[in-house]
S.K.: 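Before I ask anything, here is the structure I am working with.
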Amino acid sequence: MNLRASMLGLSLLAGLGVAGVGQAATPAQIAAGQKIAETTTLGNCDACHMFTGATEAGNVGPALQNVKSMVPNRKEFYAIIYDEEARNPQTVMPAFGKNHILSPEQINDVIDFMYTK
Amino acid sequence: MRKTAMMAVAAIMFAPLMAQAGGPSKANSAKAIASAAARIKIAAGMNDQWLATLAAFKAANAAQAKGDFALAQSKAMTAATLANLSIQQASAQKKLWVNEVIK
Amino acid sequence: MRLIIMALMGASFALFGSLASARAATPINPQADMKAFQGYFLKRFPKVPLAAYVNGPYNFSKSEADQWKQIMEFPPYQFALDTGKSVFNTKFPNGKDYASCFPNGGVGIAQNYPMFDPKTGRVVTLGIAINRCRVANGLKKLKLTTGPMADILAYMTSTSDGKPINVVVPNNPKALAAYRAGKEYFYSRRGQLNFSCASCHVQEAGMHLRGNVLAPALGMTAAFPLYRSKWGNMGTLVRRFIGCNKKVHSVPAKPDSAAYRDLAYFLTYMNNGLPVSGPGARP
């Protein structure tokens, strides 16, 4: 339990450290993020979330628009993608980080992309 | 930039594991594969095997056969990590599933 | 001081002990589960009458429902149905036939499956019963997911068309345990994506997962086997289980595994009273 908590802390730190808080995202990162968000075997965000530009998006989760005001805190955004179940045990949003579906770098790319929405 | 930082972080995170497992050698990667296999067996017994676990395990065995022991070892470790996560999931669900039941 | 702590500890042990035993002793009550299950959906989707749940996603998407009506002018399962009928009526090399293995010659009995077999202590789906019949007559088992098995199932199911589903969980410890295991399987999250069957088919029922409307769990077994455009051919309920397991990045169980037998037992029992409506067609 403690181990898990500290592992989570560690990976959160790892992810955020990499993000270079305050550093502007490059177009390449944003493009990579879009690819991840729209690829079924990766982020697959559009299977559940509507966002502009998404084709055949689902509505299991809330539409992602004005994302900067929706989740202004990058750390919090990272945690939602890393393991939303920690915040909401009933959620159906997969724990992309905890379950090794996306790497910290990939999560950060998705965040960069989503912040353009 | 991000990538190198990432790798540094990963190196720090996994360094103890690597040290524990020993450097890449045929014997060490075989050991890693055997221990992944044991975890995989437990996950299967709990009806909760992940596709990615078996994919990593397969890659580990393929690398081992080709003599790429470093890759074999890292893939085996990935397989073991994923198997452990699914075992954790299955054990947690033994208690949690009742919360989802329609009452 | 120490005494107080001891007393507190004793009390908490007693409390936990009684909680644990209360859980263990919770009676398995399929009838009550079924009432609650059906009631939940009827209340959540008041516009959908009970019998209409056999139409799965079509209750929730007008465009899919319209397409369906068109498709049903030339039902895509017709070929399987005809093939299944002729296979069913063809004698085995030993002179016997499928009819000899089933009550009422196998006609109008699909609503009673899956069935608990007290001899083996296991759940037997109609597909598994068909394979048992083949083995008893010196033939090889058929694949449980598609092909000739789906054809035979299509025919046998069609002879029960409209009959109320009537799965029985007898008061037998093994039958109750199988039912309970199926229930646990249905509600347990699994796979790298961490979903239970209920996550999608209860919690998110009626919502869109990408282009798909998520069918409510109620009625979900009634139209099988079915022709699915995405498959391009017929598939059994087990084939669907395998597909939905893979969707959450989980390794599927074996088609004839206890896990899938018990899951089918639980899920079909929840549909008791709904009309058999297979074979079906889906996008």
Side-chain angles (χ1 to χ4, degrees), chain B residues 6 10 13-14 17 32-64 71-72 74-103, chain C residues 19-20 22-24 26 28-29 32-44 180-205 216-218 241-242 245-254 257-260 262-263 266 270:
Chain B
M6 204 27 240
M13 278 178 68
F14 291 115
L17 278 173
I33 288 174
S35 88
R39 305 310 291 171
I40 283 170
K41 203 168 161 199
I42 296 173
M46 300 177 94
N47 265 329
D48 193 359
Q49 193 78 265
W50 294 358
L51 292 171
T53 309
L54 294 192
F57 189 64
K58 205 171 148 198
N61 280 302
Q64 183 78 352
L71 183 65
S74 88
K75 290 286 179 192
M77 280 163 63
T78 302
T81 303
L82 295 173
N84 282 338
L85 281 164
S86 76
I87 292 166
Q88 268 176 30
Q89 178 187 47
S91 334
Q93 287 298 310
K94 289 226 171 301
K95 290 202 196 89
L96 293 178
W97 72 272
V98 291
N99 299 340
E100 295 203 29
V101 172
I102 294 176
K103 284 178 206 91
Chain C
L19 274 179
R23 177 175 294 164
T26 306
I28 303 169
N29 190 340
D33 287 355
M34 188 257 284
K35 288 251 157 67
F37 200 89
Q38 299 190 357
Y40 168 87
F41 287 105
L42 289 173
K43 193 168 158 209
R44 179 159 159 204
R180 160 85 175 47
K183 181 176 167 184
E184 180 169 343
Y185 191 97
F186 180 79
Y187 287 112
S188 294
R189 290 175 178 240
R190 59 172 46 78
Q192 198 173 15
L193 300 190
N194 196 34
F195 283 91
S196 70
C197 310
S199 308
C200 282
H201 295 294
V202 178
Q203 200 174 332
E204 304 299 338
L218 179 56
F241 290 170
I242 292 171
N245 272 160
K246 286 188 184 160
K247 226 186 251 299
V248 302
H249 300 188
S250 178
V251 176
K254 296 258 180 318
S257 61
Y260 280 171
D262 297 348
L263 176 60
F266 166 75
M270 291 298 107

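Heavy-atom basis, side chains included; hydrogens, waters and symmetry copies ignored. A, B, ... follow the sequence lines: proteins, then strands. Residue 1 opens every chain. What you are looking at is a predicted structure, and each value in this text was computed from that prediction instead of being measured.
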S.K.: Where on C:S250 is there a heavy atom nearer than 4.5 Å to chain B: the side chain, the backbone, both, or neither?
M.R.: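 For C:S250, the contact with chain B is made by backbone and side chain together.
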
S.K.: In Å and rounded to the nearest 0.5 Å, what is the CZ to CD distance from C:F186 to B:E100?
M.R.: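 The CD atom of B:E100 is 9.0 Å from CZ of C:F186, to the nearest 0.5 Å.
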
S.K.: Are C:E184 and B:Q93 close enough that some pair of their side-chain heavy atoms sits under 4.5 Å apart?
M.R.: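 The answer is no; the side chains never approach within 4.5 Å.
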
S.K.: Is chain C contacted by the side chain of B:L96, its backbone, both, or neither, given a heavy-atom distance below 4.5 Å?
M.R.: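 Contact with chain C involves no heavy atom of B:L96 at all.
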
S.K.: Measuring heavy-atom distances to chain C, does B:Q49 have an atom under 4.5 Å in its side chain, in its backbone, in both, or in neither?
M.R.: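 For B:Q49, backbone and side chain are both near chain C.
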
S.K.: Counting N and O atoms only, with roles assigned by atom type, does the side chain of B:D48 sit under 3.5 Å from a partner on the main chain of C:G191, one being a donor and the other an acceptor?
M.R.: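 Looks like yes, one N/O pair under 3.5 Å.
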
S.K.: What distance do C:S188 atom OG and B:K94 atom NZ have between them, rounded to the nearest 0.5 Å?
M.R.: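 The distance works out to 7.0 Å.
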
S.K.: Could you go step by step and tell me if B:W97 and C:R189 meet the side chain to side chain contact (heavy atoms under 4.5 Å, CB included) rule?
M.R.: CA-CA 7 Å; B:W97 72 272; C:R189 290 175 178 240; over 6 Å; no

S.K.: Could you look at C:K35 and say if it's the side chain, the backbone, both or neither that has a heavy atom under 4.5 Å from chain B?
M.R.: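 For C:K35, there is no contact with chain B at all, as no heavy atom is under 4.5 Å.
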
S.K.: Step through the shown structure and confirm whether more than 12 heavy atoms of other residues, nucleotides or ligands are within 6.0 Å of NZ on C:K43.
M.R.: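 Open: at most 12 neighbouring heavy atoms sit under 6.0 Å from NZ of C:K43.
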
S.K.: Is there a side-chain contact between C:Q192 and B:L51, using heavy atoms and a 4.5 Å cut-off?
M.R.: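 Not in contact.
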
S.K.: Of the backbone (N, CA, C, O) and the side chain (C-beta and beyond), which part of C:N194 lies under 4.5 Å from a heavy atom of chain B, both, or neither?
M.R.: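 For C:N194, backbone and side chain are both near chain B.
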
S.K.: Examine whether an atom of C:S257 lies under 4.5 Å from a heavy atom of chain B, and if so say whether it belongs to the side chain, the backbone or both; otherwise answer neither.
M.R.: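 Interface part for C:S257: neither.
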
S.K.: Side chains of C:R190 and B:M46, heavy atoms from C-beta outward: is any pair under 4.5 Å?
M.R.: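 No, their side chains stay 4.5 Å or more apart.
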
S.K.: Do C:F41 and B:I102 come close enough that some side-chain heavy atom pair is under 4.5 Å?
M.R.: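 The answer is yes; the side chains approach within 4.5 Å.
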
